[in-house]
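Everything on this sheet refers to the single structure shown next.
By convention here, the first residue in the shown sequence is residue 1. Atoms within a ligand are numbered from 1 in the order they appear, just like the ligands themselves. Keep in mind that this is a model prediction, so the values were computed, not measured.
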Amino acid sequence: MKLNKILTTAFTTILIIGGLSTANAQTISIIPEPYQMTKGMGTYTLPKSIAINAPSSANAISDIMAGKLRTTTGRVVYFTKNKPSIDLQIINDANLGTEGYTLDINEKGIQIKANGNAGLFYGWKTIMQLLPAAVYSNTLQTNANWSLPFVSIIDKPRFGWRGMMLDVSRHFFSKEDVKTFIDDMARYKLNRFHWHLTDDQGWRIEIKSLPRLTSVGAWRADRKGKWSNTTTPALDEPKTYGGFYTQEDIKEVVAYAKARFIEVIPEVDIPGHSMAMNTAYPFLSTTPNYPYQVNAGDEFMDWEGVNGHVAARIDNSLDPSNEKVYEYLDKIFGEIAPLFPFEYIHTGGDENAKNNWAKSANVQALMKKEGLKDINEMQSYFVRRVQKIVNSKGKKLMGWDEILEGGLSGDAAVMSWRGVKGGIEAAKQNHKVVMSPNDYNYIDFYQGELTAEGKVYRGLRMKTTYSYEPIPEGIDPSLILGNQANQWSEQIFDIRYAQYMTWPRGMAVAETGWSPKEKKNWSSFSKKVESQFEKLDAAGVRYSKSMYDPIVTTHLNSKGELMGIMEGEVEGLDIYYTINDQMPDNYSEKYTGPFLLPEDVLSLRVISYKDGKQIGKFLNIPIESLRKRAVKVL
Ligand code: ACM
C-alpha cells in the first residue's frame, strides 16, 4: 500500500509538471454528480482481506457490500471494528437529511457516514462507481486493479422524488424483469418506481374479489409491428399474450424495491385507458352491450382529437354515473392499498375520451343532478369520488395533469406530463407536483436518428432531457416533489429493449433529480456517460449509444435547394458521409458544414468516429426522409 502511495504521488508530480492538476482528474466520474466533492491525490487499494465495520442496524447494507466484493474480487471479506478497510457509521447530521452521506477515501481506507441506511446505501453506490467497472460484474474478475481514488464527498439529493415509470400493460414484464428495472434505477440513486399496472391493453394486478380483471383483462391477442397500426383481432382469436402479478408477486417486488430504498407507486389508470377493465366487466362502461376485447395495439381512438378532445371509437372509459363503478373501485383500492406502503396511489386520469359520456343519458342526468356545467366537471366529480375512496384506504391520490380540469380538491398531487403547464397550474393551486414533462422526460420517444431508431411518437435527445430544470420560475420550490422519467411500452417488447430506451437518458433524469442545479454541465456529463457504458457492459445492462449519432437536419436554401446539416450531440465527433449510396468510412467526405443534396441523390449515408474509432451507428437516411424534415430558409 505504501509503495503504491509513493508511486502514485510520484506519478501525480509528473502529471502536475506536465500540466495536469491531479492524477485523478479523469478517473472520477460519478452519476449523479455529488453535492460536493474534493478530489485528493493518490489511491486506496483494497487489501487482500477486506474488513468491514458496520453497526448492526446497517447489516442489510454491509451484507450487500460484502457479497458484491466477495463475488468480484474473490477476496476474503470479514467484519471487524479493528482498523476496517470500509467503515460505515450512523451519525446525526441534520445537513445530510434522510438520504445524504459523506464518503472519505484516503490512505486509511473508506469511510461512509449517514443518518440512516438510505445514505449508507447511496454511499455504497458511489463507491461502486469509484471502483473499476469490473465490480459491476456478477462473476470473479481476476484482472481488475481494486483501487479507488482519494476523495472526500458530501452528498445529498436536491429532490425527494427521483422517479421512473414502467408501463407493464402495453407489454408485460415479468416479476424478474421488473426487479431488473429496479436494480438499474438504484444504480443511479433513483428512488420512486411508478408501476403503470393497468391500461387498455392489459390489467396486471391480481384483485381477489374481482377475478375477471386478470382472468380476462390480462390477456389479449398477440401482435408484433407498429402500435395503433396492427390488425384488429377477431373476437374469437385466442387471447394468448399477457400476464399479471399475483398479490404475492407484488409484495415481493415492493420488498425488493424497499431494500434498494425505492418506494413503489402503483397506478390504476381510470376513468379512461380502461378497455381491459371494461372487457372484464362491460357493465362498468356507458356501452355495456359492446362486444369488448382487450385491445391488442390496434387503433380505436382519435388520439389527435376531434374538436380538440380525444375521442374513442370503442368506449374505454368507466361510466361515472354508475354506482357499481365506485363499488368496484372501492374493492380494487381496498386490496391495493395494503400492498403498497407508500403514501400515494396514482389513479391516472389522462386522455379520458368523454365523447361516450356526452352521449349517455345517465351521465347527462347525473350532471344535471349535481349541477355540473360541463363534461370536464363530470371528470372532476369522478376524481373527487375516487379521491374519497383512496383517502378512505389511508392513501393520498396522485394523477396525471388532466385531473386539474374541472377543479381538484384536497391533498391530491399532480404529475405533469403535457409539458410543464399542468405542473405550474397545480402548484399555483397549492398542490404537490411531480414533473415528468413529455418534451424532456418521455424516454419512450426515439433517442437518435429517426430512420435508424424507428418512430415512437417523436424524438427526444438525451441532451434535451439533460437540459430540464424541474422548478419553474416563480413557483414555490417546496411544492415540486421532483422529477420523473416515463417508460411507456407500446413499442417495447422486452426488458432488454426497455433498458436500451432507458439508458443513458435515465442518467440525465437521475442527475437532474439529485445534483445541485449549478453542478449540472452537459459537456462533463456526456463524458461521464461514456465511463458509465463500461460499467453497464460489465453489469450486462443494455443501453443506447445514440448520443454518438449526429443530429441530421435539412433545409431548403433561398434557391430551393436541399441542404444537409449535421451536428454532434456530444463533443469530439468526426462525421463522415456519402451521398452516392456508397458505404462511408473515415476516408469519405468529412462533414465541415452545410452541404448540398443535389436533385438525384437517393440517400445520405453517415458514420461517426471518435478518437479515430468508429463509434456511432451507420446511418442510411433515404432522401424522402431528408426532404420531409426540411425547413424552409428564406
Ligand atoms: C400519458 O402519457 N398519457 C400520461
Open item on the list: Considering non-hydrogen atoms of the protein only, which is the closest contact for atom 3 (N) of ligand 1, and what is the distance?
Closed with: Asp350 OD2, 2.6 Å
Open item on the list: Salt bridge check, Lys517 against Glu511: does any charged N sit closer than 4.0 Å to a carboxylate O?
Closed with: no
TODO: Flag Trp417 as yes when one of its N or O atoms lies below 3.5 Å from any N or O atom of ligand 1, and as no otherwise.
DONE: no
Open item on the list: Taking the basic N atoms (NZ, or NE/NH1/NH2) and the acidic carboxylate oxygens, is any pair closer than 4.0 Å for Glu569 and Lys463?
Closed with: no
TODO: Taking the six-membered ring for Trp and the full ring for Phe, Tyr or His, determine whether the centres of Trp417 and Tyr440 are under 6.0 Å apart.
DONE: no
Open item on the list: I'd like to know if the side chain of His273 pairs up with that of Asn316 as donor and acceptor (distance under 3.5 Å, no hydrogens or angles considered).
Closed with: no
Task: Sub-3.5 Å N/O-N/O distance, Glu351 and ligand 1 - done: yes
Open item on the list: How far is atom 2 (O) of ligand 1 from the closest protein heavy atom, and which atom is that?
Closed with: Tyr442 OH, 2.6 Å
